[in-house]
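Encoded as structure tokens, the structure appears first; notes follow it.
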Amino acid sequence: MTVRLEDRQARELPVYLFTGFLGGGKTTFIQDTLNSPDFDPEVPTLLLVCEEGEVEYDISAFASPENVFVEYIDDEADLTRMALQKLESKYRFDRILVEYNGMWMLQSLFASLPPNWIVAQEMLFVDATTFLMYNQNMRQLCFDKMQTAELVVFNRCTKGFDKMPFHKEVRVANRRSQILYEYGPYDVEPDDIEDPLPFDKTQSKITISDDDYAEWYRDINENEDDYEGKTLTLKGRVAMAEDLSTKGRFAFGRHVMTCCVEDIQFAGLMCIYANADDFKTGDWVEITAKVRVEYEEAYGEKGPVLYAKSVKACAPADPEVATF
């Protein structure tokens with residue numbers, strides 16, 4: 001039976017994405033995975049290699065080498081949707097493993113994936129001996145890999161080392177990812193460091209300090225129901241957006257930097273206040289407001305809305321740009 005290309009491309013194909021810099025252990029992990037009979041070796045698999053490191057693949061050691069098709073993409077410019085679709089017409093595979101180049105931004109891959117290629121799992125492998133230096137010198141590239149990884153594996157760890165700097169950097173980028181510390185073969189320790197918030201959100205009235213704005217903003221968007229009915233006091237700026245056609249509404253928030261200067265953006269919530277017209281875009285204000293989680297037509301989605309009891313002009317927050 002002949003299968004048309006368009007029919008094959010209609011099938012959803014899971015993509016297992018492995019990221020990290022050279023020496024992080026991606027190749028070794030993928031090699032071990034494909035060597036194992038537990039990884040369902042009879043499933044036809046495309047192995048897409050975007051970075052050739054010191055360790056080379058031993059295809060003959062794969063549990064079912066005849067079912068693995070290895071393709072290399074050496075230049076980021078060659079990573080296109082058309083190129084990936086050509087691979088789907090060249091081979092018949094039911095899953096994809098991608099060893100991604102640590103020096104390429106993930107957006108290059110995400111923008112190139114055919115619609116039926118669905119990222120099923122994303123894992124980041126990191127050499128713990130070089131991570132802090134890499135993160136300091138190539139912050140944007142490191143943050144890019146951490147922010148969407150479901151699992152972060154720090155390998156080459158030594159017993160008794162200080163995990164906190166590693167834990168903090170991952171949590172700044174991604175509060176949901178699982179973290180593992182690997183000391184050697186079959187010697188892995190899960191991260192069990194708790195991340196208490198710098199304020200007590202169990203209280204009915206909560207004051208958010210200038211330093212804690214970014215942490216609060218992330219948490220209220222991830223755990224909005226925890227804030228239902230709570231009264232907040234905090235500083236921010238007024239933004240009178242054109243789509244806020246109803247009087248008594250403005251966007252309240254601050255500029256937040258998560259990674260570097262290039263990614264600074266306004267992070268705010270809808271605020272409802274009867275005398276909103278007393279203020280203009282850019283004004284610094286301190287508000288006391290009750291939180292309600294509801295559908296907001298201006299944004300077309302459900303989320304936390306601030307019903308302000310008071311809004312008063314104030315000095316700018318210190319620092320003006322919030323960071324994690």
TODO: Quick one: closest heavy-atom pair of Leu306 and Ala289, and the distance?
DONE: CB-CB, 3.9 Å

Task: Over all atoms of both residues, closest heavy-atom pair of Ala128 and Cys157 - done: CB-SG, 3.8 Å

Open item on the list: Does any part of the side chain of Arg175, heavy atoms only, come nearer than 4.5 Å to the side chain of Asp195, both counted from C-beta?
Closed with: yes

- [ ] Answer yes or no: is there an ion pair linking Glu169 with Arg139, defined by an N-O contact shorter than 4.0 Å?
- [x] yes

Task: Of all pairs that satisfy ring-ring contact (aromatic ring centres under 6.0 Å, His included), the ones with a partner from residues 38-87, not counting sequence neighbours - done: Phe69-Tyr91

Open item on the list: If I take atom CD from residue Glu76 and atom OG from residue Ser112, how far apart are they, to the nearest 0.5 angstrom?
Closed with: 8.5 Å

Task: Phe154 and Val170, any side-chain heavy atoms less than 4.5 Å apart - done: yes

Task: Validation row: Leu234, Tyr213 side chains within 4.5 angstrom (heavy atoms) - done: yes

Open item on the list: Are more than 12 heavy atoms, taken from residues, nucleotides or ligands other than Lys280, located less than 6.0 Å from that residue's NZ atom?
Closed with: no

Task: Residues Arg249, Met240; criterion side-chain contact (heavy atoms from CB on, under 4.5 Å); working and verdict - done: CA-CA 8 Å; Arg249 294 167 178 252; Met240 295 292 189; over 6 Å; no

Open item on the list: What's the separation between atom NZ in Lys90 and atom CG in Leu46, rounded to the nearest 0.5 Å?
Closed with: 9.5 Å

- [ ] Begin with the C-alpha distance, continue with both residues' side-chain angles, and end with the deciding distance and a verdict on side chain to side chain donor-acceptor pair (under 3.5 Å) for Thr288 and Thr233.
- [x] CA-CA 4 Å; Thr288 298; Thr233 299; 3.2 Å; yes

Open item on the list: Let's go through Asp191 and Gln178 carefully: what are the C-alpha distance in whole Å and the side-chain angles of both, what is the deciding distance for side-chain contact (heavy atoms from CB on, under 4.5 Å) to 0.1 Å, and is it a yes or a no?
Closed with: CA-CA 7 Å; Asp191 183 286; Gln178 181 183 1; over 6 Å; no

Task: Residue pairs passing the salt bridge (charged side-chain N to carboxylate O under 4.0 Å, His left out) test where at least one lies in residues 29-52, sequence neighbours excluded - done: Lys26-Glu51

- [ ] Evaluate the side chain to side chain donor-acceptor pair (under 3.5 Å) criterion for residues Thr202 and Asp200: first the C-alpha distance (whole Å), next the side-chain angles of each, then the deciding distance (0.1 Å), finally the verdict.
- [x] CA-CA 5 Å; Thr202 66; Asp200 186 359; 2.5 Å; yes

- [ ] Give the cluster check for Val55 versus Leu34: same hydrophobic cluster or not, with ILVMFWY residues linked at side-chain heavy-atom distances below 4.5 Å.
- [x] no

- [ ] Could you tell me whether the side chain of Lys201 reaches within less than 4.5 Å of the side chain of Asn223, counting heavy atoms only?
- [x] yes

- [ ] Check whether any side-chain N or O of Thr28 sits under 3.5 Å from a backbone N or O of Gly25 as a donor-acceptor pair, and report yes or no.
- [x] no

Task: Heavy-atom pair of closest approach, residues Pro41 and Ser36 - done: CD-O, 4.4 Å

Open item on the list: Is the distance from the ring center of Phe29 to that of Phe125 below 6.0 Å?
Closed with: yes

Open item on the list: Quick check on the hydrophobic clustering: are Met146 and Val98 connected, directly or via other members, by side-chain heavy-atom contacts under 4.5 Å?
Closed with: no

- [ ] Please test Val172 against Phe143 for side-chain contact (heavy atoms from CB on, under 4.5 Å), starting from the C-alpha separation and ending with a verdict.
- [x] CA-CA 9 Å; Val172 165; Phe143 186 90; 4.2 Å; yes

Open item on the list: Return the CG to CG distance between Asn101 and Asp74, rounded to the nearest 0.5 Å.
Closed with: 9.0 Å

TODO: Give the C-alpha distance, both sets of side-chain angles, the deciding distance and a yes or no for salt bridge (Lys or Arg N to Asp or Glu O under 4.0 Å) between Glu286 and Lys235.
DONE: CA-CA 4 Å; Glu286 181 179 83; Lys235 287 182 182 179; 5.7 Å; no

TODO: Look up atom CD1 in Ile208 and atom CD1 in Ile287, then write down how far apart they are to the nearest 0.5 Å.
DONE: 10.5 Å

Task: Exercise: do Thr33 and Gln31 side chains pair donor with acceptor under 3.5 Å - done: no

- [ ] Check step by step if side-chain contact (heavy atoms from CB on, under 4.5 Å) holds for Asp283 and Arg237.
- [x] CA-CA 5 Å; Asp283 285 348; Arg237 303 186 81 167; over 6 Å; no

TODO: Using only heavy-atom distances, determine whether the side chains of Gln140 and Asp144 contain a donor-acceptor pair under 3.5 Å.
DONE: no

Task: Contact check, side chains of Leu124 and Val153, non-hydrogen atoms, under 4.5 Å - done: no

Task: For Tyr100 against Ser108, the heavy-atom pair lying closest together - done: OH-CB, 3.5 Å

Open item on the list: One thing to verify: whether Arg254 and Glu320 come together as a salt bridge, which I'm taking to mean a side-chain N less than 4.0 angstrom from a carboxylate O.
Closed with: no

TODO: May I ask you to decide if the ring planes of Phe161 and Tyr183 are parallel, tilted or perpendicular, using 30° and 60° as cut-offs?
DONE: perpendicular

Open item on the list: Please tell me whether Asn174 and Gln147 have a donor and an acceptor in their side chains that are separated by less than 3.5 angstrom.
Closed with: no

Open item on the list: Looking only at the side chains, is there a donor atom on one of Ser60 and Asp58 sitting less than 3.5 Å from an acceptor on the other?
Closed with: yes

Open item on the list: Applying a strict under-4.5 Å side-chain criterion to I, L, V, M, F, W and Y, I'd like to know whether Phe93 and Phe18 cluster together.
Closed with: no

Task: Asp219 side chain to Tyr227 side chain, donor-acceptor N/O pair below 3.5 angstrom - done: yes

Open item on the list: If you apply the rule salt bridge (Lys or Arg N to Asp or Glu O under 4.0 Å), what do you find for Lys163 with Asp192, and how did you get there?
Closed with: CA-CA 10 Å; Lys163 304 182 189 72; Asp192 59 1; over 6 Å; no

Open item on the list: Keeping Thr45 on the side-chain end and Val43 on the backbone end, is there a donor-acceptor pair under 3.5 Å?
Closed with: yes

Task: Heavy-atom pair of closest approach, residues Phe250 and Ala276 - done: CD2-CB, 3.6 Å

Task: Sole residue of Leu48, Leu84, Leu47 in side chain to side chain contact (heavy atoms under 4.5 Å, CB included) with Glu71 - done: Leu48

TODO: For the residue pair Arg171 and Ile179, establish whether any side-chain heavy-atom pair is separated by less than 4.5 Å.
DONE: yes

Open item on the list: Is a donor from one side chain sitting under 3.5 angstrom from an acceptor on the other, for Arg156 and Thr129?
Closed with: no

- [ ] For Phe21 and Gly102, work out which heavy atoms get closest and say how close.
- [x] CE2-O, 3.2 Å

Open item on the list: Quick check for you: to the nearest 0.5 Å, what is the distance between Cys50 atom SG and Leu17 atom CG?
Closed with: 9.0 Å

- [ ] Report yes if some heavy atom in the side chain of Tyr217 is under 4.5 Å from a heavy atom in the side chain of Leu269; otherwise report no.
- [x] yes

Open item on the list: Can you confirm if the aromatic rings of Phe166 and Phe131 lie within a centre distance of less than 6.0 Å?
Closed with: yes

Open item on the list: Just by distance, no angles: are the side chains of Glu12 and Trp117 close enough, under 3.5 Å, to form a donor-acceptor pair?
Closed with: no

Task: Pairs involving residues 115-125, ordered by first then second residue, that meet salt bridge (charged side-chain N to carboxylate O under 4.0 Å, His left out) (sequence neighbours left out) - done: none

TODO: Tell me whether Leu79 is reachable from Leu13 by hopping between hydrophobic residues (I, L, V, M, F, W, Y) whose side-chain heavy atoms are closer than 4.5 Å.
DONE: yes

Open item on the list: Any side-chain to backbone donor/acceptor pair from Asp210 onto Asp318? Under 3.5 Å, distance only.
Closed with: yes

TODO: Tell me, yes or no, whether the heavy-atom count around Glu66 atom CD, taken from other residues, nucleotides or ligands under 6.0 Å, exceeds 12.
DONE: yes

- [ ] To the nearest 0.5 Å, tell me how far Glu294 CD sits from Glu228 CD.
- [x] 8.5 Å

Open item on the list: Measuring only between side-chain heavy atoms, which start at C-beta, is Val291 closer than 4.5 Å to Leu232?
Closed with: yes

